[in-house]
Protein chains: 2
Amino acid sequence: MVDSKHRILTHACDLYLADGFDGFSMRKLARAVGVTAPALYRHFESKEDVLLEVVGEAHDELFRTLSHALGGPTPEDRFRRAGEAYLGFALANPRYFQMIHSFTEFMGLDEVPEELSRRACSVGQFWHDRVRECIEAGILKPDDPEGIGLVLWAHAYGLISLYIRGLLPLPEEAFRQAYTDSFRRIMAGLATPEHAEAVNGVHREVKPG
Amino acid sequence: MVDSKHRILTHACDLYLADGFDGFSMRKLARAVGVTAPALYRHFESKEDVLLEVVGEAHDELFRTLSHALGGPTPEDRFRRAGEAYLGFALANPRYFQMIHSFTEFMGLDEVPEELSRRACSVGQFWHDRVRECIEAGILKPDDPEGIGLVLWAHAYGLISLYIRGLLPLPEEAFRQAYTDSFRRIMAGLATPEHAEAVNGVHREVKPG
DNA sequence: GTCTATAATCCGATAGAC
DNA sequence: GTCTATCGGATTATAGAC
């Protein structure tokens with residue numbers, strides 16, 4: 001019976017990834033699983049309940065991707081890889097990326113369920129950890145790790161969101177470049193002088209006003 | 001007849017702002033207007049059509065708010081006011097803010113309608129203008145205005161979005177402070193040395209690792 | 001107990017009378 | 001321009017089959 005639930009959830013993730021939020025229905029899900037729609041309500045309280053578990057799967061996938069960044073040899077390397085992993089996850093799984101950050105809007109929730117609130121906080125914590133060890137290694141200026149982590153998270157999330165939603169009229173390769181450039185511009189103010197110089201040394205030609 | 005359409009649109013905005021996307025239905029709208037549902041289809045092709053015009057109203061309201069920032073006396077002042085106006089709009093009209101940036105997800109559109117794409121670009125353009133005049137005034141480093149504008153827009157949008165969606169467990173006053181702090185941290189890397197020093201001079205006490 | 005089907009209710013959208 | 005009537009599809013409570 002717990003097996004049935006898992007099988008349904010697998011199909012639910014596939015359906016959401018294929019058809020998106022507005023294309024997701026319990027009837028379609030039932031057809032995919034091979035049962036009638038009401039049967040699903042034996043395993044899940046509601047459509048919302050199913051989607052909330054899909055959000056959980058999305059989070060799991062994100063953390064799987066982020067965890068690869070921890071294989072880097074140095075704090076700076078892990079930091080850089082984390083940024084790349086976040087972008088890579090978003091471009092590889094745009095629907096999961098959207099679901100993770102905007103399920104409250106999608107399903108009209110007034111407040112975030114505790115389970116998912118904790119998961120969201122752990123994305124923030126992951127960044128705080130990367131920041132903290134870069135501060136300790138003298139790569140980032142000594143500042144509040146939570147504040148720095150929030151700047152970086154907000155920027156990366158915002159930029160990727162604008163792109164995924166089609167609000168930045170750029171092809172993917174140009175967007176990857178814009179992401180890198182934008183990240184570098186933020187780092188110019190966060191890194192220690194010696195690292196900031198290295199960062200600024202590679203920034204591209206500009207029109208001098 | 002154009003008057004009827006306007007009256008329906010007014011009720012549509014109220015209904016969306018009150019009940020959100022998932023609480024918005026043509027039948028509810030018809031009840032609010034005082035007609036039956038099919039009558040609405042004389043004035044709007046579909047529910048999607050109605051909501052697209054609501055997005056237009058949201059954009060109008062955003063630009064009305066942003067335009068107040070242009071009353072500042074100096075480029076720096078207009079720049080600062082623009083940031084505050086964007087935050088103020090989002091906190092005063094969170095549903096409009098969400099609608100403006102994520103209507104594609106809401107209504108399952110594959111691409112952004114041209115009319116709204118142009119409006120989104122003009123938000124970007126507004127920031128580019130603020131950045132350009134600050135560069136010319138020697139407040140921001142001479143860099144690509146579009147690139148700088150994108151960093152600022154992405155960061156502000158991302159941070160506000162995370163908050164509105166309940167992913168940052170902070171009360172509003174604490175969030176306003178976090179927004180200001182985060183903005184200042186970004187500016188540290190974008191402003192010219194003299195202005196950056198002024199900026200860094202006010203940053204709060206930190207634990208030195 | 002575990003699963004399924006029927007049916008009530010709501011939604012978006014259309015057809016056709018007035 | 002608006003109504004009545006109606007279709008197809010959605011969620012979900014209830015009652016019945018294994």
Side-chain angles (χ1 to χ4, degrees), chain A residues 1-56 95 99 102-111 113, chain B residues 1-57 95 98-99 102-110 113 116:
Chain A
M1 69 181 184
V2 67
D3 197 48
S4 298
K5 180 161 178 168
H6 183 263
R7 202 165 60 91
I8 293 171
L9 186 53
T10 302
H11 283 285
C13 289
D14 291 346
L15 180 59
Y16 168 71
L17 289 175
D19 293 3
F21 177 77
D22 77 309
F24 185 96
S25 80
M26 294 297 266
R27 286 161 120 98
K28 270 199 207 173
L29 176 56
R31 263 196 301 275
V33 176
V35 297
T36 59
L40 301 175
Y41 291 86
R42 279 289 138 186
H43 304 276
F44 297 90
E45 277 194 351
S46 62
K47 177 182 176 180
E48 183 177 289
D49 188 27
V50 178
L51 286 171
L52 246 25
E53 301 235 23
V54 173
V55 181
R95 290 219 152 107
M99 183 67 123
S102 56
F103 59 93
T104 50
E105 292 168 71
F106 273 158
M107 46 192 78
L109 300 178
D110 285 336
E111 52 183 37
Chain B
M1 74 182 181
V2 66
D3 197 50
S4 296
K5 181 161 178 169
H6 183 263
R7 202 165 60 91
I8 293 171
L9 187 53
T10 302
H11 282 285
C13 289
D14 290 347
L15 180 58
Y16 168 71
L17 289 174
D19 292 4
F21 177 77
D22 76 310
F24 185 96
S25 80
M26 293 298 266
R27 291 166 122 98
K28 269 199 210 175
L29 176 56
R31 264 196 300 275
V33 175
V35 297
T36 58
L40 301 175
Y41 290 86
R42 280 284 146 191
H43 306 276
F44 297 91
E45 277 194 352
S46 62
K47 176 182 175 179
E48 184 178 287
D49 188 27
V50 178
L51 286 171
L52 247 25
E53 301 234 24
V54 173
V55 181
E57 290 295 311
R95 289 219 152 105
Q98 291 177 323
M99 183 67 122
S102 55
F103 59 93
T104 49
E105 294 167 70
F106 272 158
M107 44 192 80
L109 301 178
D110 285 338
L116 293 175

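Chain naming here is simple, since letters A, B, ... match the order of the sequence lines and numbering starts at 1 in each. On a predicted model such as this, the values are computed, not experimentally measured, just so you know.
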Rounded to the nearest angstrom, tell me the gap between atom CE in Met107(B) and atom P in dA13(C).
11 Å
Under the salt bridge (Lys or Arg N to Asp or Glu O under 4.0 Å) rule, collect the residues that match up with Glu57(B), sequence neighbours excluded.
none
Strand contacts (DNA chain C) in residues 10-25 of chain B, 4.0 angstrom heavy-atom criterion
Phe24(B), Ser25(B)
What's the verdict on side-chain contact (heavy atoms from CB on, under 4.5 Å) for Asp3(B) and Arg7(B), showing C-alpha distance, side-chain angles and the deciding distance?
CA-CA 6 Å; Asp3(B) 197 50; Arg7(B) 202 165 60 91; 5.7 Å; no
From NZ of Lys28(A) over to P of dT11(D), roughly how many Å is that when rounded to an integer?
11 Å
Euclidean distance, atom CG of residue Asp49(B) to atom P of dT14(C) [Å, nearest integer]:
12 Å
Contact list for residues 40-52 of chain A, test salt bridge (charged side-chain N to carboxylate O under 4.0 Å, His left out), sequence neighbours left out:
none
Arg27(A) CZ to dA10(D) C1', straight-line distance once rounded to whole Å
6 Å
Going by the rule side-chain contact (heavy atoms from CB on, under 4.5 Å), which residues pair with Leu17(A) if we only count those two or more places apart in sequence or in a different chain?
Arg95(A), Tyr96(A)
Sequence-distant partners of Ala32(B), side-chain contact (heavy atoms from CB on, under 4.5 Å), two or more places apart:
His11(B)
Nearest whole angstrom, please: distance from the P of dA10(D) to the OH of Tyr41(A).
10 Å
With sequence neighbours left out, write down each residue that passes side chain to side chain donor-acceptor pair (under 3.5 Å) with Gln98(B), or none if nothing qualifies.
none
Whole-Å distance between dC11(C) C1' and Leu51(B) CG?
14 Å
Rounded distance in Å - CD (Glu48(A)) to P (dA10(D)):
18 Å
Find every protein N or O atom lying less than 3.5 Å from an N or O atom of nucleotides 2-4 of chain D, and list the pairs.
{"from": "dT2(D)", "atom 1": "OP2", "to": "His43(B)", "atom 2": "NE2", "distance (Å)": "2.8"}
{"from": "dC3(D)", "atom 1": "OP2", "to": "Thr36(B)", "atom 2": "N", "distance (Å)": "2.8"}
{"from": "dC3(D)", "atom 1": "OP2", "to": "Thr36(B)", "atom 2": "OG1", "distance (Å)": "2.7"}

Residues two or more places apart in sequence or in another chain: which of them pass side-chain contact (heavy atoms from CB on, under 4.5 Å) with Pro113(A)?
Leu52(A), Phe103(A), Leu109(A), Leu116(A)
Is there side-chain contact between Thr10(B) and His6(B), with heavy atoms separated by less than 4.5 Å?
yes
Could you pull out every donor-acceptor pair under 3.5 Å between side chains of residues 19-28 of chain B and any protein atom, sequence neighbours left out?
{"from": "Asp19(B)", "atom 1": "OD2", "to": "Lys28(B)", "atom 2": "NZ", "distance (Å)": "2.9"}
{"from": "Ser25(B)", "atom 1": "OG", "to": "Lys28(B)", "atom 2": "N", "distance (Å)": "3.0"}
{"from": "Lys28(B)", "atom 1": "NZ", "to": "Gly23(B)", "atom 2": "O", "distance (Å)": "2.9"}

Give the rounded distance in Å between these two atoms: NZ of Lys47(B) and C1' of dT14(C).
17 Å
